[in-house]
Amino acid sequence: MQVFNGKSVFGGIAIGRIYVYQKGEQQVRRTRITDIQSEKDRYRRASGTAMEQLKELYDKALNEVGEENAAVFEVHQMMLEDDDFVESVESIIETQEVNAEYAVAVTGDNFSQMFASMDDDYMRGRAADVKDISERLITVLNGGAAGGIQSEEPVIILADDLAPSETVQMDKDKVLSFVTVHGSVNSHTAILARTMGIPALIGTDIPMDESIDGKMAVVDGAGGCIYVEPDEDTMARMSGRKHQEEEQKELLLSLKGRENVTLDGQKVMLYANIGNIRDLATVLQNDAGGIGLFRSEFIYLESEDFPGEEEQFQIYRKVAETMAGKRVIIRTLDIGADKKCDYFDMEEEENPALGCRAIRICLTRPEIFKTQLRALLRASAYGNIAIMYPMITSLWEIHKIREIVEQVKEELTEQGIGYGSPLQGVMIETPAAVMISGELAKEVDFFSIGTNDLTQYTLAIDRQNPKLDDFYDSHHPAVLEMIRMVAENAHKAGIWAGICGELGADLELTRDFLAMGIDELSVSPGSILPIRKIILETDVSEYRKERRQPVVSKGK
Ligand code: PEP
Ligand code: MG
């Protein structure tokens, strides 16, 4: 048995086989071959397998993200069969007497450069598609899996690091746990693991060699370690704990249907954070009163080009309809920093977290913003949608947003297209927004505190940098005082204030948030029932009296 340690991102026990996750881009070696015909046959067979994969991907995408998004996999199928592409690969195998992987890599590079140099925008966009299919072919030729998870059974994913776009594209039914060598506990991949409610470790000192692939392992999420080929004792101990945790979960389920009200009658809204329409099942299973944060940028991250109005409208409408009148707060796109989309064509920045992200992109590229607003306004006629704007720092931004929203409404009216009147709120996730929260509160319908960024910007600590995790003190008195201040300013102006950052799920602070008068907590679905348990057991006025001093900082 070997034991490797990492940092815990989400608790729980996972037992299963390790699956070493392959990154897209791969090294290709040029080797000489003697049997040209059998190399060509090998290429043809790989092409057939890749075609099967693409058909499956098309069907999956059709179900999950609709026809418009799925179409890209049809384009890939056509490219795979394209005569020029096939002829180029076969001619390189024949004339240079080289392996198929090399011939595919060279053809892929040549074709993608050719597309990239074309004038037409659409054709230029195809460069990435050619690259994608040649990567897929090479992976098949190497006998591996392309990006996705090629396993019959659910597995423990072991990766060097995972980008949010990679995590989001994985088949969630196949993932028991995430274990990465790099990454930070505050990254979006970590947040996704929490949303899925599965044990996850980052910064794990585990070797990423192939010898570990397929080995039996146990991930102890809370304990922050992974046991590879566990001995009998460890296996028995961990299976016992897994069983206990399942029993605890059952117990919590008995809290379903109960109101979130403290012993002295203070009510709190308990909502869920989601990144995807597929998260809705867990939202309902965990009895969320609504959705407090739908990170709409994940729609963009999953796409290969800007998602259109109709596609977005269908997604927002589906969420609103599924939640059947419960509030659904959709955050406008928060691209930038660690969440990157190639097709946004953003300039490289020295400090992306302080750069052009979120509302700054929307206000400088209003055509992108307007498409999303049109979809949101239209969908709000089908349920209880609220719109939330991220990364606000100044009042003028609210005025500008309002001006654009009014323009969009006018355009919809002129076109005879129906829309609702959603509430509009802002995220409080910059110290500037906290300091002007008294003024902001007069302009919007609600506040939601993004403690992940608020902590990063208040403590001047990059939330992505794992080396600084020890300094990222989420209980820092400055952060907690800001939360209190925001709630107070919201109430003075007659609006409500919630928390949708990860701190909202910190059970050590639930009673403090109640004492501060926080009205809403939006957390990963799996955290809802444990928080409800605390709310039901708390007498807030008693707690205020007994708490002699403010919450203690976690200070290392
Ligand atoms: C936050 O910053 O707390 C937040 C909820 O937004 P995100 O984590 O997506 O930046
Ligand atoms: Mg944020």
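First listed ligand is number 1; within each ligand, the first listed atom is number 1.
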Can you tell me how far apart CG (Leu253) and CG (Asn286) are? Round to the nearest 0.5 Å.
7.5 Å

So between Glu502, Arg463, Arg357, whose heavy atom ends up nearest atom 8 (O) of ligand 1?
Arg463

Ligand 1 to Asp334, heavy atom cutoff 4.0 Å, flagged ligand atoms 10 (O)

Taking 4.0 Å as the limit for heavy-atom contacts, which would you say applies to Leu293 with ligand 1: side chain only, backbone only, both, or neither?
side chain

Listed pairs under 3.5 Å, donor-acceptor, residues 196-203 side chains, sequence neighbours left out:
none

Give the C-alpha distance, both sets of side-chain angles, the deciding distance and a yes or no for salt bridge (Lys or Arg N to Asp or Glu O under 4.0 Å) between Asp334 and Arg295.
CA-CA 8 Å; Asp334 186 8; Arg295 289 182 163 93; over 6 Å; no

Pairs satisfying salt bridge (Lys or Arg N to Asp or Glu O under 4.0 Å), at least one member in residues 419-447, at least two apart
Arg402-Glu443, Glu439-Lys442

Are any non-hydrogen side-chain atoms of Phe313 and Lys318 less than 4.5 angstrom apart?
no

Start with the C-alpha gap between Tyr343 and Phe306, add the side-chain angles, then the distance that decides, and say whether ring-ring contact (aromatic ring centres under 6.0 Å, His included) holds.
CA-CA 7 Å; Tyr343 59 84; Phe306 289 101; 4.8 Å; yes

Under a 4.0 angstrom heavy-atom cut-off, which atoms of ligand 1 come close to Asp453?
1 (C), 2 (O), 3 (O), 10 (O)

What do we get for Ile449 next to ligand 1 when only non-hydrogen atoms under 4.0 Å count, side chain, backbone, both or neither?
neither

So is Gln456 touching ligand 1 or not, going by heavy atoms under 4.0 Å?
no

Here the vertex angle at the Mg ion (ligand 2) for OD2 of Asp453 and OE1 of Glu429, given to 10°, is 100°

Salt bridge flag under 4.0 Å for residues Glu309 and Lys370
no

Using a heavy-atom cut-off of under 4.0 Å, does the side chain or the backbone of Met388 touch ligand 1, or both, or neither?
neither

Near Gly501 (heavy-atom distance under 4.0 Å), the atoms of ligand 1 are 3 (O), 5 (C)

Here the atoms of ligand 1 under 4.0 Å from any heavy atom belonging to Lys339 are 9 (O)

